[in-house]
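Structure first, then comments.
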Amino acid sequence: MFRIREFEEQVFELYKIGLMPGLAHLYIGEEAVATGACAALEQKDYIASTHRGHGHLIARGADTNRMMAEILGKKDGYNKGKAGSMHIVTMEKGILGANGVVGGGIPIATGAAYGSKVKGSKEVTVCFLGDSASNEGNFHESLNMASAWDLPIVYIIENNLYGISVALRRVTKVKDLADRAHGYGIKGIVVDGNNVLEVYKTVKEAVEFARQGNGPTLIECKTYRHKGHHVGDPGIEYRTREEEAEWKEKCPLAAFKKVLTENGVSEDEIKGMEQEIIKEIAEAVEFAKKSPYPDPSEAFQDIFS
Amino acid sequence: MREITYAQAVAEAIDEEMARDSNVIFLGEDVGVIGGNFKATVGLRAKYGDWRVKDSPISESGIAGIGVGAAITGMRPIVEIMFSDFISLAMDQIANQAAKIRYMSGGQVKVPLTIRTTIGGGRSSAAQHSQSLQAWVAHIPGLKVVLPSTAAELKGLLKTAIRDDNPVIFMEHKMEYNKKYPVPEGEYTIPFGKANVVREGDRLTIVATSSMVMKSLEAANELAKENIFIEVIDVRTLVPFDKQTIIDSVKKTGRLLVVDEGHLSFGVGAEIGMKVIEEVFYDLDYPIMRLGTADVVIPFSPALEFPIIPDAKKIYQKAKEMTK
Amino acid sequence: MAEFILMPKLGFNMETGLITSWNKKEGDIVQKGDVIFEIETDKTTMEIESTVPGTLRKILAEEGETVPVVLPIAIIGEVNENIDSMVKEALSQLGKQEDSVSESLEVSNESGEASQEKLDTDIAEAPLSIDSSIRLKLSPRAYKYVQENKLDISSLEIEGTGFEGGVTAKDIENYVKNNKHKLTPLAEKIAAKNKLDGNSISGTGIGGKVTKADVERALGTTEVKESSPAAPVSPAATVSSTSPAVVANADGRKVLKTISYTGMRKVIGERLSQSKFTAPHLYFTTSVDVSKLMDLRKQVNEAQEQKISVNDFIIGAVIKALQKYPELNSSLQGDQILQYEDVNVGVAVGLETGLIVPVIKQAQSKKLSQISKESQVLIDKARSGKLLPDEYQGGTFTISNLGMFGIENFTAIINPPEAGILSISAVKKTPIVIQEDGEDKVLIRPLMNITLSVDHRIIDGLVATRFINEVKSLIESPFSIMI
């Protein structure tokens, strides 16, 4: 969780000094969802990410050097500078890809699960999606098929309450998006998305359920993004300072730190780990900065295999 | 040579490829139990089972996405979208996902996905079931686009499509399914990106796609009786595109007519004309001309539909006008 | 009020004319009837007279330019008259760029407002002028052909078979094939006059067509003009090439000279082949005693200043016979035989370059003296290559006279689509046997063979013999010709 937090803070710094082309959607505040969910997966499993995907990748064990290089559009990035923040793909970690289209990754994740089902290979796919993606047609089409055919997949809604600037409550009647599971004849569960252990426990159960061939589960993680929609959005027009403060109080990192100390991990040990991560991310930034830009001719490569 | 229908050629190609590679799966609306809306996949479900030949719900985007997801995780899926008109429902998965994943991943991922769909008017299917939308997909980098003409062409090209490691939009002409064509026995494939000169001539080059190849041949045969010899080229694949065969032909004939059933404006005819003009400009004795479906919504009544779609007679007239 | 001088249309098929020379220059005073320029068509050369008096203000098409008929080529007007708008209109019609638009605008418009209005009009009309300027719509392939073969297309008179009448590569190829080494009529005339082998001169026209300028250059009579970049010709090389080398043919026969079967030669050949192969010819020869005609001619010519030739009498006899037997004054047109009211008699004239048949129109209503006068003018014009198309078209019957060359007998081929032709051979003193007082006597008489060729499809022997006998009796009783 701290690695995600630190990574995102540094991305924001790079954006502010103009080193990062384009935009990035920061995961700060939501770290417990990716961390808890990915901890429940095996090496062979798949995840499908979203436009707010850095956290999922880091939680899945992606190399922060290569991620940072990709975000800066460098040659040593995971995708040679062709993906950027929103589209990082790394199959070696079972990451089917972040996705620039809201809900675009849901059918793809479902297809991966379909393949696993046909092969009988017992992989489970975790499909991350935002609250707003659950209003896309792809959500319906995919959950319908996954449930009809008992596909090995777990859909995790990261409900951070806003689709860019629009509060979910203004565009959606149901209070809990997990309730939509009933429409597909599958289990829908609401969890505290800022409680990493609760997320882990719930996802673990759903993954095992899927792995046994019982079909999908829909898990809704209630959480909050501390920053705006993306690095260029201060996020102040549509949210109140009170609401922000309230959620920052519920910071997943602080909550978990408390659990650790309560369970006998010393402040120093935690500090030590944090220092190591700070160093690692600083190195990632250096790595990314030093990495050369791709040659313009590379624009013409990798269209077809 | 034995004769089989265009529909049977589809079934044979898929059957052979499914037998050859257990990663080939096939998914689409009505493709299984009844063997497809156009009866082009009869018998496959019985042979390969419900998981490899899947009747899907009516969810074009969903099934296209399943194709993409399965493809990038090691399967070799074939997805059927019953009418090309419906690819609009699956366009995000086709144009934003399938076409781009390989590139966005910096070449890490391959997407061996075949999307079969149908094009063409002529059966009073009206506005939403008659379009030939090859220009839509050919416009997107990252998609290969195949327009088979005869059953023999279809079989060889479909097998190549299935074996290709890239997303291929395979567009079958719905008026051809019941027509019989000579098809070679046994195993064969037809490579992409190699146009086929189906008739040689010296007065005019007709470049055609899909069933317009047969209609152009009909027109060319008529003109041959008048000692006007037309070269007819079957494009086969819009992407990849074989420019050279067309350039060589136009250098010989000095005249080019492109016939494609898509709507005329911003379409295949315009693109093929522009693709070659740089290299044949000083060989042209006539402006490059094109025939296509008129820029109107495709109407229902045969009295309205046939006049707006190119046919052998219209090709004959145009070719005659260009060679007089 | 200034007026345009237009490229005249001198025949139904004339589409363009080549200006071969200007006899006046800009600023010259021109009287009505003054020859102001000469043009050349595929058949003839003509002097064009001014139809109005005034000052030649502007020449719009230079020597060597080919201009479509009825387009303006010059402006004649008052010395101080403003002709800017006329120049503008003419250049637009001719598809030429105006070289001094702004200047003429300043002259012709007093206020800026008007000037602006004029500019607007220009812009609106610009596409039209471009369109009308495409005299030769070359297809790109044709353009490449022209470039690769270094052709000068400025005088190209060619009907395009391509898109909207555009000229295709094939069109030019065919044109070149048919016009290789051809001399323009004017060039031919000058070459012949100077005993220069026209075929040995390098041509700068389309497909190497030899123009007047080429011939003059070869003769060294004119200053060498700036040669066309497409076909540079060195005068020295041109002169040295006037003695053709003797080369051996593939079959060992030595070729002295190769002459293209093209142009006028080909037209003649094709027309005669067509006649001979489609109209079954039937011939009738008879011998005519011209002693009375000779006597009459002598008397007539003594009595009047204007001399009438034997040929004129024969023409007169044929005119009369044709009026009596209109079957011969006809032609087969599709599935109809047309008998003509007018008798338009053609008189074949042999030239060094071929054959041409000037026509005396409506001869049935003309007196012999008139016919004589007219035929002399026409024959002179034919010999000097100045026949107007109208003067060699529309004949209904032809007479071919080789008498002056001493030919005793010959049969001519019908000039299509006419029904017959009369061949006239030389008058020769011949011993003949006549019966006088029941006794055979040998007399010497000037006899002349005439042979009638008819198209047997429409003329049978009976009518033909009646006709030729009518001609014979008219000549032998020549007074009736004069009545």
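So that the names make sense, note that chain A is the first sequence line, chain B the second, and so on, each numbered from 1.
Within a 6.0 Å radius of CZ in B:Phe266, no more than 12 heavy atoms belonging to other residues, nucleotides or ligands are found. A 6.0 Å sphere centred on CD of A:Glu208 holds more than 12 heavy atoms belonging to other residues, nucleotides or ligands. Atom CD of A:Gln43 has 12 or fewer heavy atoms from other residues, nucleotides or ligands within 6.0 Å. By the 6.0 Å contact criterion, NZ on B:Lys159 is enclosed, its count of non-hydrogen atoms from other residues, nucleotides or ligands being greater than 12. Heavy-atom neighbours of B:Lys39 NZ from other residues, nucleotides or ligands within 6.0 Å: above the threshold of 12. Atom CD of A:Glu92 is surrounded by more than 12 heavy atoms from other residues, nucleotides or ligands within 6.0 Å. Atom NE2 of A:His182 has more than 12 heavy atoms from other residues, nucleotides or ligands within 6.0 Å.
Atom CD1 of B:Ile101 sits about 10.5 Å away from atom NE2 of A:His87, to the nearest 0.5 Å. The OG1 atom of B:Thr73 sits 7.5 Å away from the CD atom of A:Glu123 when rounded to the nearest 0.5 Å. To the nearest 0.5 Å, atoms NZ (A:Lys117) and NZ (B:Lys54) are separated by 8.5 Å. Of the inter-residue distances, the one linking B:Ser105 atom OG with A:Ile95 atom CD1 reads 12.5 Å to the nearest 0.5 angstrom. The NZ atom of A:Lys82 sits 14.0 Å away from atom NZ of B:Lys100, with the distance rounded to the nearest 0.5 Å.
Between chain B and the options A:Ser305, A:Gly115, A:Gly137, the largest number of non-hydrogen pairs under 4.5 Å is found for A:Ser305. With chain B as the partner, the residue from A:Tyr114, A:Tyr46, A:Phe304 showing the most heavy-atom pairs under 4.5 Å is A:Phe304. Most heavy-atom pairs under 4.5 Å with chain A, from the set B:Lys144, B:Gln108, B:Arg52, B:Met75: that is B:Gln108. The residue among A:Glu70, A:Lys80, A:Glu298 with the most heavy atom pairs within less than 4.5 Å of chain B is A:Lys80. Chain B forms the most heavy-atom pairs under 4.5 Å with one residue out of A:Leu151, A:Ile88, A:Asn138, A:Leu96, and that residue is A:Asn138.
Of the atoms belonging to B:Asn96, it is side-chain heavy atoms, and not backbone ones, that fall under 4.5 Å from chain A. For B:Ser22, no part lies under 4.5 angstrom from a heavy atom of chain A. Contact of A:Thr125 with chain B is not made at all, since no heavy-atom distance falls under 4.5 Å. For B:Leu27, the part sitting under 4.5 Å from any heavy atom of chain A is the side chain, from C-beta outward, and nothing else. Using a 4.5 Å cut-off between heavy atoms, B:Val239 contacts chain A through its side chain alone, with no backbone atom that close.
In this structure, A:Glu141 and B:Pro57 have side chains that are not in contact, with every pair of non-hydrogen atoms separated by 4.5 Å or more.
Partners of B:Glu271 according to the salt bridge (Lys or Arg N to Asp or Glu O under 4.0 Å) rule, which considers only residues two or more places apart in sequence or in another chain, are B:Lys275.
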Give every donor-acceptor pair under 3.5 Å between a side-chain atom in residues 97-113 of chain A and any protein atom, sequence neighbours left out.
residue	atom	partner	partner atom	Å
A:Asn99	OD1	A:Val101	N	3.0
A:Asn99	OD1	B:Gln97	NE2	3.0
A:Asn99	ND2	B:Gln97	OE1	2.8
A:Thr110	OG1	A:Ile106	O	2.7
A:Thr110	OG1	A:Tyr155	OH	2.8

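A:Asp302 places no side-chain N or O within donor-acceptor distance of the main-chain N or O of B:Tyr103, the cut-off being under 3.5 Å.
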